[in-house]
Amino acid sequence: MTPEVHQIYLAAAALVFVLGLGGMVLCRHFLKKILAAALLTNSCFLALVAVSYRDAGMAGDPVPHALVITGIVVGVSACAFALALARQITQVTGHIDFDGGKGSDREEAEENQPGRENP
Amino acid sequence: MSAMMLMPVCLPFAGALAAMATPVRYRAVCGLVFSLATLGAVLVLALGMAESGPLSHHLGGWEVPLGIRLHLDGLAMLFLLLTALVGLPVGIYAAAEYGRERGGGRVFFWPLWMFLWAGMNALYLSADLFNIFVVMEIIGMASVALAVLSGRAPALVAGLRYLLAAMAGSGAFLFGVALVYGSHATLDLGLLAERVLPSAAVATGFALILAGLLVKAALFPLHFWLPSAHASADPPVSAILSALVVKTAFYLVLRLWTGPFAVLATPPVALVLGVLGAVAALWGSYQAMRQDRLKRMAAHSTVGQVGLLFLMFPLITGAGAQADWLQAAWTGGIYQVFAHGFAKAAMFLSLGIFVMATGDDHRSSMSNMVGRMPMTTFAFALAGVSLIGLPPSGGFVAKWMLLKAALTSGQWWWAPVVAWASFLTAGYVFMVLRIAFAPAAGAPRLRRVPKMLEITALALGIGAIVIGFRAEEILHILDYPSLAPVIDGSIDGGEGGGGR
């Protein structure tokens with residue numbers, strides 16, 4: 001049995017989802033974690049577009065497309081919020097990951113050093 | 001009447017916008033006016049529902065499946081009531097605590113809290129999977145923003161971890177929704193309940209939805225983000241997050257479990273939820289006992305108490321609508337939601353008062369608190385009594401009913417879990433109270449604390465006890481037989497479930 005086109009897209013979405021989840025767990029840098037989260041969110045949009053397929057030659061189901069539009073807005077806001085938080089953390093503490101690691105960009109880390117004591 | 005259903009959502013939204021536009025000095029007044037209006041709207045709806053039964057509203061007049069439906073039944077009503085009854089006192093506390101803030105992040109408390117409240121109310125009323133996803137995002141982002149209000153480093157780090165966990169949870173949920181929509185071409189919970197058939201795609205979808213919700217409900221082992229986020233937030237925010245926000249995810253699991261996915265909610269899956277809940281109840285309570293910091297103790301205690309909620313699932317699943325322990329299981333679960341809501345809000349608020357007065361978050365700073373701040377120590381003790389489950393508190397009804405349901409259903413192995421969790425809870429509550437009763441010579445002077453803070457904490461503590469006496473009203477509103485899954489009705493010939 002050969003898989004239909006939309007099933008291949010759905011499988012790709014599942015793969016991207018797993019990649020995103022894996023990235024969120026395995027990557028340490030804030031930025032990588034946030035990118036992985038964005039990837040995971042986007043895999044849902046791919047899945048939604050894949051399930052909107054009806055039959056060869058027919059127009060796709062419009063409802064999932066509407067959902068994707070809304071989802072993108074939500075996803076972008078969440079991503080922007082996460083980036084703002086990560087930037088704030090790096091400014092206040094100089095850390096670039098949850099384990100308290102410092103950035104390789106030494107200048108920036110030193111610049112923020114005095115800020116560490118401030119609440 | 002059904003348009004009245006919009007009020008619990010629209011009023012807090014309007015309040016959020018109004019608070020944003022109001023000068024900082026008057027935001028609290030503006031927020032409290034809208035909070036009172038929201039509570040009023042919920043009470044009016046409760047009275048209306050008592051006469052007319054469950055209500056549905058089609059937004060913009062569009063019928064399902066094209067439009068989005070709001071639905072109000074007993075379960076949703078109880079959560080609306082809990083949110084309003086806990087939210088209002090916490091708002092008063094926040095108004096008193098943040099009264100003098102004129103800059104910094106804390107001036108955004110009111111807009112964010114009202115957005116959060118609107119989101120939670122919308123979630124309880126939604127009968128559409130995608131609408132639920134959107135309001136879950138509103139709730140998640142407003143919660144994280146509230147958690148980082150102080151702008152301090154630990155809060156920021158915990159906030160980012162919280163947000164990432166929430167994003168992963170929402171992602172899993174949305175992927176699941178896509179799979180379910182792909183199979184049944186509808187998002188309406190009512191239509192799904194009629195259409196859902198067990199298939200690989202829908203089962204995977206349900207598993208993803210469940211996994212996403214369990215992250216947000218912080219069920220063991222997906223609770224990793226909760227203790228630091230709840231412990232590092234400001235006291236009123238911790239109270240809101242612990243008492244109300246984690247309950248939204250539990251509500252959804254319960255709603256989907258008994259509604260659209262009842263066909264897939266089989267006893268083995270329920271057993272998994274029950275086992276995770278049992279481990280959470282023991283592990284969270286044990287961790288709470290080991291904490292030296294007061295707010296971390298309360299945060300770990302939330303993990304344990306949420307675990308107890310999930311013991312409800314094996315007890316209500318696969319029993320058939322006529323099982324005589326169903327009432328006990330539903331009462332136990334719903335009472336646990338209410339009792340923990342009031343008690344944990346009271347606990348976080350009273351701990352906030354202690355920390356404000358002593359400037360120290362360690363357990364040792366509590367020495368002779370019973371002599372120095374009797375009112376707040378009493379509030380803390382009342383909250384503790386309810387969390388442990390001593391009579392005559394709401395927590396007692398919850399644990400007693402869960403025990404009763406476990407024993408009468410023959411699933412006796414949940415009973416020792418409930419009992420052990422209570423012992424551990426007694427452990428951490430009494431470790432604090434023991435120090436509070438110890439006389440201390442030369443303890444540092446306390447800073448003055450606004451009286452209103454102490455009054456609201458005590459009011460919530462009393463609430464955690466008093467609901468123990470109101471079982472009949474709560475059961476009447478819940479009307480649990482109407483929530484029994486359709487599948488049970490069909491197995492039993494349809495007479496049992498269909499009557500209501």
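Bear in mind that the values here come from a model prediction, so they are computed numbers and not experimental data. A note on names: the letters A, B, ... follow the listed sequences, proteins ahead of strands, and every chain is numbered from 1.
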Is Leu163(B) close to chain A through its backbone or its side chain, or both, or neither, when contacts mean heavy atoms under 4.5 Å?
side chain
How far apart are the C-alpha atoms of Met58(A) and Tyr53(A), what are their side-chain angles, what is the distance that settles it, and do they pass the side chain to side chain contact (heavy atoms under 4.5 Å, CB included) test?
CA-CA 8 Å; Met58(A) 273 180 74; Tyr53(A) 177 88; over 6 Å; no
Of the backbone (N, CA, C, O) and the side chain (C-beta and beyond), which part of Leu129(B) lies under 4.5 Å from a heavy atom of chain A, both, or neither?
neither
Examine the side chains of Ser232(B) and Lys295(B) and answer whether a donor and an acceptor come within less than 3.5 Å of each other.
no
Please flag which part of Phe81(A) lies under 4.5 Å from any non-hydrogen atom of chain B: side chain, backbone, both or neither.
both
For a quick check under 3.5 Å, do Tyr98(B) and Asp234(B) share a side-chain donor-acceptor pair by atom type?
yes
Applying a strict 4.5 Å limit to non-hydrogen atoms, the region of Asn42(A) in contact with chain B is neither
Structural part of Val144(B) lying under 4.5 Å from a heavy atom of chain A
both
Go through Ala47(A), Ser52(A), Gly20(A) and name the one with the most non-hydrogen pairs under 4.5 angstrom from chain B.
Ala47(A)
Lys/Arg-Asp/Glu bridge criterion (N-O < 4.0 Å) met for Asp99(A), Arg28(A):
yes
Below 4.5 Å from any heavy atom of chain A, which atoms of Ala145(B) appear? Answer side chain, backbone, both or neither.
both
When you look at CZ of Phe98(A), are more than 12 heavy atoms from neighbouring residues, nucleotides or ligands closer to it than 6.0 Å?
yes
Part of Ala14(A) lying under 4.5 Å from any heavy atom of chain B
both
How about Ser143(B) and Ile139(B): do any of their side-chain heavy atoms sit closer than 4.5 Å?
yes
Selection from Leu21(A), Leu40(A), Thr41(A) maximising heavy-atom pairs under 4.5 Å formed with chain B
Leu40(A)
Under the ring-ring contact (aromatic ring centres under 6.0 Å, His included) criterion, do His6(A) and Tyr9(A) qualify, and how do the steps go?
CA-CA 5 Å; His6(A) 69 283; Tyr9(A) 277 102; 9.2 Å; no
Check each atom of Ala50(A) against the heavy atoms of chain B and say whether the ones under 4.5 Å are side chain, backbone, both or neither.
neither
Part of Leu46(A) lying under 4.5 Å from any heavy atom of chain B:
neither
